[in-house]
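Lettering follows sequence order; numbering is per chain, from 1. Everything numeric in this text was worked out from a predicted model, so none of it was measured.
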Protein chains: 2
Amino acid sequence: MVGRKAKRDIPPERDVRERLIVVATELFARKGYATATTREIVAAAGVTKPVLYYYFRSKEGIYLELMQRAFKRFEDVVEASITESGGAEERLLHLCDQVFSLIVEKIDVVRLMYSIYYGPPQGAPFFDFDAVHLKLFESILQIVNEGIRKKEFRRGNADDMTWAILGAMHIIMENEFCHPELELGHGGLERILNLIFRGISIQTARRGKGGKR
Amino acid sequence: MVGRKAKRDIPPERDVRERLIVVATELFARKGYATATTREIVAAAGVTKPVLYYYFRSKEGIYLELMQRAFKRFEDVVEASITESGGAEERLLHLCDQVFSLIVEKIDVVRLMYSIYYGPPQGAPFFDFDAVHLKLFESILQIVNEGIRKKEFRRGNADDMTWAILGAMHIIMENEFCHPELELGHGGLERILNLIFRGISIQTARRGKGGKR
DNA sequence: GTCTATATTGAGATAGAC
DNA sequence: GTCTATCTCAATATAGAC
């Protein structure tokens, strides 16, 4: 047992590099990029500062790496959805559900993305969040347009319909951040989307102008 | 002209205190609470550090004051809306429009609120944003419930309907933050709300279960 | 690869003159 | 009320031993 140069002894649980990514994500999400310090990160990972600088070169380095990883996963989910079959409602429900699952899985990274995209950059280096948002918008828009073409959806402004659906996604996501005790979650998302599909008003006879604009 | 003790000479443009509030709001919104420094704030207001500490005691002090001011304005708008008359759709459109106007007017404070409510606190002192959010939720919910009672809206989960409407508000607000060039604005908000009232799907004959659940 | 110890910078806050 | 000058603390980052 003795004698062999210690080499497989070093990583106590997971790889040190991996542990750093995990705790950095958690701390950036909870305290913000600027406020979470490298001291805290290395302390939480059970190592010392130079280890972080050895693996990631800088605070910005570890931030960019954890962002890129999460973005990759998101791209995979969205791109898988564009080959789905079924009606427009069904496909939209499925896409939103899949995206929401990823959001719940990667809740820390999403919080961080969210706060930097909609809030001040907090001194964090640039990351192209618009690309993430645009990717989601366009995949929803595409399904909406197919729904209109197949006469499942009313004729009208497909962008507005996409915004309404994204609004449901966002409100559910924001509740997952700030009021998880409400437990809207997957069920709430489905109910709200169905509400948007059907409308909340009782339809009167005054409809005659079609759905344009 | 001379001889009189300089007293009305001191404020060059507006009151110094007021100028500090304005530039602090702008800087907190753009750079975040933690990142915006007291150095920058006083420099932008054309004064020196001790002036800020003289009027507001601390960085936290000026932050809390500007938040409280904006919250007061918001409360006024929402409370004015609960005495409005008209149909549920009309009242919801009006309330959302009024709130959106205030958001545009106070865009800097709203950005700051938003980023601290949904993001990490950035070291900022506690402020009860939930009270703001709850106030808006409940005034919408009240109108929705009246709509259901008066048979203008379908029977169903009034909370879900409120979330759908809030989703529209949020998505419009978020676009005002990040993509003002899209100019969704007031018109977009009205279009999306109408979409939610009417629904985006073409109604088929399969409806028989009412709106319960 | 990982440590201890330290360099360096810039933040919030204040003392004391005017 | 407003200034100049300064205190104190904590952050990122690194040098150099092991």
Donor-acceptor under 3.5 Å (Glu65(A) side chain, Ile62(A) main chain): no
Expressed as a whole number of angstroms, how long is the span from Arg19(B):CZ to dT2(D):P? 9 Å
Do the side-chain N or O atoms of Tyr53(B) get closer than 4.0 angstrom to the phosphate oxygens (OP1, OP2) of dA15(C)? no
Flag the pair Arg19(B) and Glu26(B) as a salt bridge only when some basic side-chain nitrogen lies within less than 4.0 angstrom of an acidic carboxylate oxygen. no
Give the ring-plane orientation class for Phe71(B) versus Phe74(B), where under 30° counts as parallel, over 60° as perpendicular and anything between as tilted. parallel
Do Glu176(A) and Lys106(A) meet the salt-bridge criterion of a basic N to acidic O distance under 4.0 Å? no
Checking contacts here: which listed nucleotide (dA13(D), dG12(C), dC3(C)) is nearest the side-chain heavy atoms of Ser58(A)? dA13(D)
Members of residues 27-41 of chain A that approach DNA chain C, where some heavy atom sits under 4.0 Å away: none
Do we get Lys59(B) above Tyr33(B)'s six-membered ring, with its NZ or CZ under 6.0 Å from the centre and within 45° of the axis? yes
Ring centres of Tyr118(A) and Tyr118(B) under 6.0 Å apart? no
Which of dT2(C), dG1(D), dA13(C) is nearest the side chain of Val16(A)? It is dT2(C)
Calculate the interatomic distance between Gln122(A) atom CD and dA11(D) atom C1'; express it in whole Å. 16 Å
Nearest-Å distance, CZ (Phe56(A)) to P (dT2(C))? 11 Å
Between Tyr55(B) and dT2(D), is there a side-chain N or O to OP1/OP2 distance below 4.0 Å? yes
For the side chain of Lys49(B), starting at C-beta, report the closest nucleotide among dT2(D), dT2(C), dT14(C). dT14(C)
I need the OH-P distance between Tyr54(A) and dA15(D), as an integer number of Å. 16 Å
To the nearest angstrom, the CD-P distance between Glu60(A) and dA11(D) comes to 18 Å
Electrostatic pair Asp76(A)-Lys72(A), nearest N-O below 4.0 angstrom: yes
With a 4.0 Å cutoff (strictly under), does any side-chain N or O of Thr48(B) reach OP1 or OP2 of dT2(D)? no
Checking contacts here: which listed nucleotide (dA15(C), dG1(D), dC3(C)) is nearest the side-chain heavy atoms of Pro50(A)? dC3(C)
Output the rounded distance in Å from CZ (Arg17(A)) to P (dT2(C)). 12 Å
